[in-house]
Amino acid sequence: MTTSPSQKILCVLYPDPVGGYPPKYARDGIPTLSQYPDGQSLPTPKGLGFTPGQLVGSVSGGLGLRQFLEGQGHRFVVTSDKDGPDSVFEKELPDADIVISQPFWPGYLTAERIAKAPKLKMAITAGIGSDHVDLQAAIENNITVCEVTFSNSISVVEHAIMQILALVRDFVPQYQWVVNGGWNIADAVSRSYDLEGMDVGVVGSGRIGFGVLKRLKPFDVKLHYNDRYRLPTEVEEELGLTFHETVDSLVSACDVVSIHCPLHPETEHMFNDELIAKMRRGSYIVNTARGKICDREAIARALESGHLAGYAGDVWFPQPAPLDHPWRTMPNHAMTPHTSGSSLAGQHRYAAGVREILECWFEGRPIRNEYLITQGGALAGAGAHSYSEGDATGGSEEAARFTA
Ligand code: NAD
């Protein structure tokens, strides 16, 4: 039954596996969770067009939405062709009512593109982090921007912990010695340290940053954090946290810094030459937040000079990263493509959350406040808490230079 007039939903997803769709799964399912760690309830759609554990984040998976949307008479266009004026995204955008995109393969919704989409009323992020949308332009054009808050936060926490350990223990070259047929212990351990006893800090102690702090406590490290908001005293005492009013103070007190704030005008290029110079020689940075929070040339320079001992993360700018992106080839990195938030478990939750948002929209019910980034011409919900007004989306033309 159609509950609202037919709408066009334009969805940008990453391409299917090169080995074909669906892939052969390694396991038969994913664990069932009852709630998020802070008690927030999981997505509550009325239905789910897929089995949890399936790959729904790529084009053929379509977030499991096709039957639900087309069954109500809506048009559902899914593409991975997102960059440049001749892209399917750009061609389909002018009459789209709703855009769905993922941070992993972002359909950059710049002010120019928003100006070409007069019908656009909502941009949904299938995941967390809506910086690929020019939020200032969304505010000015009364576009609702929302994301599936908490859906993949813990997926990212686990990836960040993995990458902290990968850097400090120097996992990647050791693995490479094995693959290459060697047994060169002395080479393999000459940059390998213990995390125990180190000073480890997070920038941003929200859902992800706090999850990282909690999981690091049993490693017997000294924990630090910086955020716009201070955590309750009893939480600071329980985890033994040192709060830093400024990021400068944090980085100068740490051996490892893990970045977990959103990208917005306050945090764009926060990690530049000047800030990195304040870090201890041999520090490590893990960035699973957004590529543009770091000045990419400054990071590459600091690795070349040895001031930084390692850099890891999964977020780049632009995405996909062009082949000549310096982070592909700089020394002592342990980068992945943007995967941390798109585990099969994460996909289940963010796809279910997108469906919940769409059901609310079509039925005229309010979208959960915690999912909102902008609404009614202003920052709202999670957006009002964690973002600032303005635009940090610029420069996305570069993404068109990527060729696989
Ligand atoms: P959150 O809103 O719970 O936490 C963000 C925290 O950053 C908040 O506590 C906020 O106060 C803080 N913050 C904002 N501006 C700051 C500043 N200038 N300095 C210090 N702290 C600041 O969000 P979350 O779920 O923890 O996610 C954080 C970010 O992680 C997202 O916005 C997104 O960019 C990124 N993320 C990445 C992936 C991935 O796959 N790599 C997946 C999910 C989220």
Side-chain angles (χ1 to χ4, degrees), residues 14 36-38 40 57 101-106 125-133 135 145-163 201-214 224-232 235 243-251 257-271 275 286-294 312-317 319 335-343 345-347 349-350 353 369-373 379-390 392-393:
Y14 47 76
Y36 293 114
D38 70 349
Q40 183 189 312
S101 177
Q102 302 179 107
F104 323 102
W105 188 265
T125 301
I128 304 170
S130 298
D131 51 274
H132 59 282
V133 180
L135 296 180
V145 178
C146 50
E147 55 187 50
V148 190
T149 301
F150 231 142
S151 58
N152 55 12
S153 299
I154 302 304
S155 320
V156 179
V157 169
E158 294 185 4
H159 203 90
I161 298 286
M162 172 183 81
Q163 289 189 315
V202 300
V203 181
S205 55
R207 292 169 183 83
I208 299 175
F210 185 65
V212 166
L213 291 169
K214 248 178 33 181
H224 303 253
Y225 78 102
N226 159 256
D227 197 298
R228 304 202 291 198
Y229 310 95
R230 195 155 177 177
L231 292 164
V235 173
F243 174 69
H244 294 262
E245 291 278 354
T246 64
V247 73
D248 296 43
S249 160
L250 176 104
V251 301
V257 175
S258 196
I259 304 173
H260 300 296
C261 52
L263 169 63
H264 57 114
E266 256 175 50
T267 61
E268 186 170 0
H269 293 154
M270 180 187 255
F271 282 75
L275 187 68
V286 169
N287 178 10
T288 51
R290 282 296 176 264
K292 244 205 295 182
I293 296 172
C294 294
D314 69 327
V315 286
W316 307 63
F317 185 81
Q319 290 189 177
M335 294 294 294
T336 58
H338 193 163
T339 49
S340 68
S342 203
S343 59
Q347 287 174 49
R349 292 186 293 270
Y350 68 68
N369 192 50
E370 69 252 33
Y371 287 173
L372 295 174
I373 302 298
L379 290 171
H385 181 86
S386 290
Y387 285 80
S388 54
E389 287 190 13
T393 312

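Read the numbers this way: they start at 1 and go in the same order the structure lists the ligands and their atoms.
For the atom pair NE2 of H264 and CG of D131, the computed distance is 10.0 Å after rounding to the nearest 0.5 Å.
Side-chain contact of Y14 with S342: a donor-acceptor pair under 3.5 Å is present, judged by distance alone. T125 and Y350 are not linked by any side-chain donor-acceptor pair at a separation below 3.5 angstrom, with hydrogens and angles left out of the test.
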I'd like the atom pairs linking ligand 1 to the protein - N or O on both sides, separation under 3.5 Å - with distances to 0.1 Å.
{"from": "ligand 1", "atom 1": "2 (O)", "to": "S386", "atom 2": "OG", "distance (Å)": "2.7"}
{"from": "ligand 1", "atom 1": "3 (O)", "to": "R207", "atom 2": "N", "distance (Å)": "2.9"}
{"from": "ligand 1", "atom 1": "3 (O)", "to": "R207", "atom 2": "NH1", "distance (Å)": "2.9"}
{"from": "ligand 1", "atom 1": "9 (O)", "to": "D227", "atom 2": "OD1", "distance (Å)": "3.4"}
{"from": "ligand 1", "atom 1": "9 (O)", "to": "D227", "atom 2": "OD2", "distance (Å)": "2.7"}
{"from": "ligand 1", "atom 1": "11 (O)", "to": "D227", "atom 2": "OD1", "distance (Å)": "2.7"}
{"from": "ligand 1", "atom 1": "15 (N)", "to": "H264", "atom 2": "NE2", "distance (Å)": "3.0"}
{"from": "ligand 1", "atom 1": "18 (N)", "to": "E266", "atom 2": "OE1", "distance (Å)": "2.8"}
{"from": "ligand 1", "atom 1": "25 (O)", "to": "S153", "atom 2": "OG", "distance (Å)": "3.1"}
{"from": "ligand 1", "atom 1": "26 (O)", "to": "R207", "atom 2": "N", "distance (Å)": "3.2"}
{"from": "ligand 1", "atom 1": "26 (O)", "to": "I208", "atom 2": "N", "distance (Å)": "2.8"}
{"from": "ligand 1", "atom 1": "34 (O)", "to": "A289", "atom 2": "O", "distance (Å)": "3.4"}
{"from": "ligand 1", "atom 1": "40 (O)", "to": "H338", "atom 2": "NE2", "distance (Å)": "2.9"}
{"from": "ligand 1", "atom 1": "40 (O)", "to": "S340", "atom 2": "OG", "distance (Å)": "3.2"}
{"from": "ligand 1", "atom 1": "40 (O)", "to": "G341", "atom 2": "N", "distance (Å)": "3.0"}
{"from": "ligand 1", "atom 1": "41 (N)", "to": "T288", "atom 2": "O", "distance (Å)": "3.0"}
{"from": "ligand 1", "atom 1": "41 (N)", "to": "D314", "atom 2": "OD1", "distance (Å)": "3.2"}
{"from": "ligand 1", "atom 1": "41 (N)", "to": "D314", "atom 2": "OD2", "distance (Å)": "3.2"}
{"from": "ligand 1", "atom 1": "41 (N)", "to": "H338", "atom 2": "NE2", "distance (Å)": "3.1"}
{"from": "ligand 1", "atom 1": "41 (N)", "to": "S340", "atom 2": "OG", "distance (Å)": "3.0"}

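Ring-plane geometry between H338 and F104 is classed as perpendicular, the angle between the planes exceeding 60 degrees on a 0 to 90 degree scale with a lower cut at 30.
Although no hydrogens or angles enter the test, the distance criterion places no donor-acceptor pair under 3.5 Å between the side chain of E370 and the main chain of T149.
Looking at S153 and I128, their side chains come closer than 4.5 Å, going by heavy atoms from C-beta outward.
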